[in-house]
Amino acid sequence: MRTHILVTGGAGFIGSNFIRFLLAQRPGVRVTNLDSLTYSGNLENLTGIDADPRYRFVKGDICDDAAVSPLVAQADAVVHFAAESHVDRSILDSRPFVVTNVMGTQTLLDACRRAWAGNADRRFLYVSTDEVYGSLPLDRPELKFTEETPLQTNSPYSASKAAGDLLARAYHHTFKMSVLTTRCSNNFGPYQFPEKVIPLFVTNLIEGKQVPLYGDGLNVRDWIHVDDHSDGVLCVLERGRPGEVYNLGGNNERSNLELTHAILALMGKGPEMIRPVADRPGHDRRYAIDATKALRELGWTPTRSAWPAALERTVRWYADNPTWWRRVKSGAYREYYAKQYGGG
Ligand code: NAD
Ligand code: TDX
């Protein structure tokens with residue numbers, strides 16, 4: 001078992017849930033969390049973990065080699081979550097996406113190459129996304145993304161993630177580093193930044209505000225609970241084959257309209273709370289993951305994503321934790337919201 005794991009972006013939504021999951025599942029592990037605390041990084045996501053002697057936090061930027069190199073040298077493995085992660089922000093300004101998702105990934109990979117000097121026992125896991133595959137048509141429900149599907153990125157976000165994904169592949173091929181890649185579908189669960197659709201809609205409804213639904217609402221996403229994603233990442237880290245890509249998905253396709261109505265029903269609200277707004281430019285129509293490879297090779301299945309129970313638990317978490325999201329939704333978030341949705 002790898003005993004000292006460097007997690008990047010561990011103060012964000014998935015990274016913080018992963019650290020919680022990892023410390024619970026693997027008592028012998030030590031975790032260093034490297035995070036620069038951008039707008040989406042929040043140490044409150046790690047409440048309860050911060051006192052654990054197996055955990056330490058380091059504030060630093062993955063683009064800064066002086067911060068990264070000593071941490072990489074001490075680690076048996078790197079699980080790389082740190083990223084600019086929101087498609088709409090990449091449409092407003094793509095530069096931070098290229099800097100962090102491409103240059104930051106290159107900085108990390110190069111630090112590992114130098115510090116690990118060909119030691120294949122040390123592993124680098126790149127957390128990629130299903131968005132690198134582009135979009136599937138609505139009228140071909142039998143089609144899903146496999147690991148062989150060509151990369152066809154459509155947003156600056158997905159293009160920057162694909163660049164990091166391919167750099168990770170290149171470091172395996174050229175420098176024989178033990179690199180693994182996961183490509184996961186849309187996550188939901190606690191501590192998700194309320195720019196993403198589920199926490200945005202749930203918290204807006206609690207505040208008595210409408211929910212901005214893009215376009216015709218028929219775009220489809222494949223929803224997975226964040227704990228199933230964490231479980232998949234851990235399976236791949238421990239038992240995946242170096243150089244391989246593993247798709248992870250919830251087997252849970254929903255249109256945005258269906259998702260919105262499910263949230264409205266759980267919260268006792270009516271359809272008048274939907275505000276149809278202009279579509280996202282370049283909006284991918286449908287994502288659907290075929291995760292057969294992770295099942296066949298690693299025995300991984302998403303057991304925590306069952307609908308609507310998992311959605312209901314998530315809605316309840318936001319209802320029960322208003323202090324967390326009210327603080328997150330104040331300050332700079334308001335400027336973003338006004339720019340993206342025109343106030344309201
Ligand atoms: P998030 O925005 O909630 O968290 C990102 C974290 O990275 C934050 O804590 C932020 O402070 C940190 N970070 C950003 N730039 C940094 C830098 N330069 N140096 C150090 N830290 C930095 O994102 P998330 O939704 O938790 O996504 C985590 C990862 O999972 C991303 O790589 C994303 O592409 C991938 N992913 C997300 C989803 C999803 O549905 N959210 C699905 C598949 C893959
Ligand atoms: O206000 C909104 N209204 C709306 O209709 C927002 C924010 C979103 N949507 C729609 C757009 C998408 O079809 O909901 C769907 C989900 O949108 P997001 O939550 O922004 O997620 P998505 O763009 O699908 O990307 C997510 O999944 C893949 C994550 O943000 C990425 O980090 C991940 O890689």
Side-chain angles (χ1 to χ4, degrees), residues 9-21 40-42 44-46 81 83 85-89 127-131 145 157-158 161 182-206 211-214 217 219-234 247-267 269 274 280 283-284 286-289 291 300-322 324-325 328-329 333:
F13 162 50
I14 304 175
S16 63
N17 277 286
F18 176 73
I19 291 174
R20 211 175 282 281
F21 186 88
S40 69
N42 183 355
E44 287 182 25
N45 297 0
L46 293 146
F81 291 99
S85 67
H86 192 40
V87 172
D88 292 324
R89 288 188 192 254
V127 180
S128 190
T129 166
D130 61 354
E131 299 205 14
F145 299 133
Y157 162 70
S158 58
K161 287 296 293 184
T182 56
R183 295 183 184 145
C184 190
S185 62
N186 284 62
N187 282 224
F188 66 100
Y191 301 107
Q192 186 167 29
F193 195 88
E195 64 192 350
K196 308 289 180 355
V197 72
I198 291 180
L200 173 70
F201 282 16
V202 172
T203 59
N204 267 18
L205 289 169
I206 298 172
V211 298
L213 186 63
Y214 293 160
N219 301 61
V220 169
R221 297 295 183 262
D222 175 2
W223 291 98
I224 182 172
H225 191 274
V226 64
D227 288 342
D228 277 332
H229 187 185
S230 293
D231 189 27
V233 166
L234 190 54
N247 279 354
L248 303 171
N251 221 1
N252 188 27
E253 287 182 57
R254 309 284 157 188
S255 74
N256 292 335
L257 201 55
E258 186 184 353
L259 168 70
T260 305
H261 280 292
I263 293 172
L264 289 170
L266 284 169
M267 300 185 66
K269 308 277 183 180
I274 298 176
R280 170 186 283 173
H283 196 174
D284 284 337
R286 173 175 165 249
Y287 302 145
I289 277 284
W300 176 83
T301 45
T303 56
R304 304 159 182 89
S305 303
W307 207 261
L311 179 65
E312 190 173 356
R313 282 200 312 278
T314 300
V315 169
R316 202 175 319 123
W317 188 87
Y318 290 94
D320 290 345
N321 289 276
W324 180 85
W325 58 260
V328 171
K329 275 186 124 174
Y333 178 91

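Values below: all heavy atoms of this structure, side chains included; hydrogens, waters and symmetry mates excluded. The structure presented is a predicted model; accordingly, all values stated were derived computationally and were not measured.
Annotation: side chain of His261 is in contact with side chain of Ile274 (closest heavy-atom distance under 4.5 Å). Using a 4.5 Å cut-off on side-chain heavy atoms (C-beta onward), Leu200 and Pro212 make contact. For the pair Phe188 and Leu259, the minimum side-chain heavy-atom distance is 4.5 Å or more. Residues Ile206 and Trp325 have side chains in contact (heavy-atom distance under 4.5 Å, counting atoms from C-beta outward). Residues Ser85 and Glu195 form a side-chain contact, since some pair of their non-hydrogen atoms from C-beta on lies under 4.5 Å apart. With contacts defined as side-chain heavy-atom distances shorter than 4.5 Å, the pair Asp284/Arg221 qualifies. Put simply, the side chain of Trp324 does not reach to within 4.5 Å of the side chain of Thr203, judged on heavy atoms. Proximity of Leu264 to Phe201: side-chain heavy atoms (C-beta onward) are nowhere separated by under 4.5 Å.
Asn321 places no side-chain N or O within 3.5 Å of a backbone atom of Ala319 that could act as its donor or acceptor partner. Looking only at distances, a side-chain donor or acceptor of Tyr318 sits under 3.5 Å from a matching main-chain atom of Gln192. In this structure, Asp222 contributes its side chain and Ile289 its backbone to a donor-acceptor pair below 3.5 Å. Put simply, the side chain of Asn219 never gets that close to the backbone of Arg286: no donor and acceptor are under 3.5 Å apart. Remark: the backbone N or O of Phe13 is paired with a side-chain donor or acceptor of Asn17 at under 3.5 angstrom. Using modelled atom types, no side-chain atom of Ser230 and backbone atom of Phe21 make a donor-acceptor pair closer than 3.5 Å.
Taking all atoms of both residues into account, the shortest heavy-atom contact from Ala11 to Asn45 is O-ND2, 3.0 Å. Contact between Gly189 and Val226 at its shortest, heavy atoms only, is CA-CG1, 4.2 Å. Taking all atoms of both residues into account, the shortest heavy-atom contact from Gly249 to Ser185 is CA-OG, 3.4 Å.
When the options Val127, Ile224, Val233, Asn247 are evaluated for a side-chain contact (heavy atoms from CB on, under 4.5 Å) with Cys184, the one that passes is Ile224. Each of Lys196, His229, His225 was scored for a side-chain hydrogen bond (donor to acceptor under 3.5 Å, both in side chains) with Asn187, with one residue passing: His229.
Between Phe81 and Phe18, the two ring planes are tilted [angle within 30° to 60°]. Using cut-offs of 30° and 60° on the angle between ring planes, the pair Tyr333 and Phe193 is tilted. Relative ring orientation between Tyr287 and Phe145 is described as tilted, the plane-to-plane angle lying within the 30° to 60° band.
One distance of note links CD of Glu253 with OG of Ser255; it measures 10.5 Å at 0.5 Å rounding. Interatomic distance, Thr301 OG1 to Leu248 CG, rounded to the nearest 0.5 Å: 11.0 Å. Distance check, rounded to the nearest 0.5 Å: CG of Asn186 to CD1 of Ile198 gives 8.0 Å. Here the straight-line distance linking atom CG of Leu205 with atom CE of Met267 works out to 5.0 Å at 0.5 Å rounding.
Under 4.0 Å is where a charged nitrogen must lie from a carboxylate oxygen, and between Glu131 and Lys161 no such pair does.
Checking Asp228 against Trp300 by side-chain atom types alone, no donor-acceptor pair falls below 3.5 Å. In summary, the side chains of Asn252 and Arg254 do present a donor paired with an acceptor at a separation below 3.5 Å, with no hydrogens or angles considered.
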Please output the side-chain donor-acceptor pairs of residues 309-317 that fall under 3.5 Å, not counting sequence neighbours, one pair per line with the distance.
{"unit_1": "Arg313", "atom_1": "NH2", "unit_2": "Arg304", "atom_2": "O", "d": "3.3"}
{"unit_1": "Thr314", "atom_1": "OG1", "unit_2": "Ala310", "atom_2": "O", "d": "2.9"}

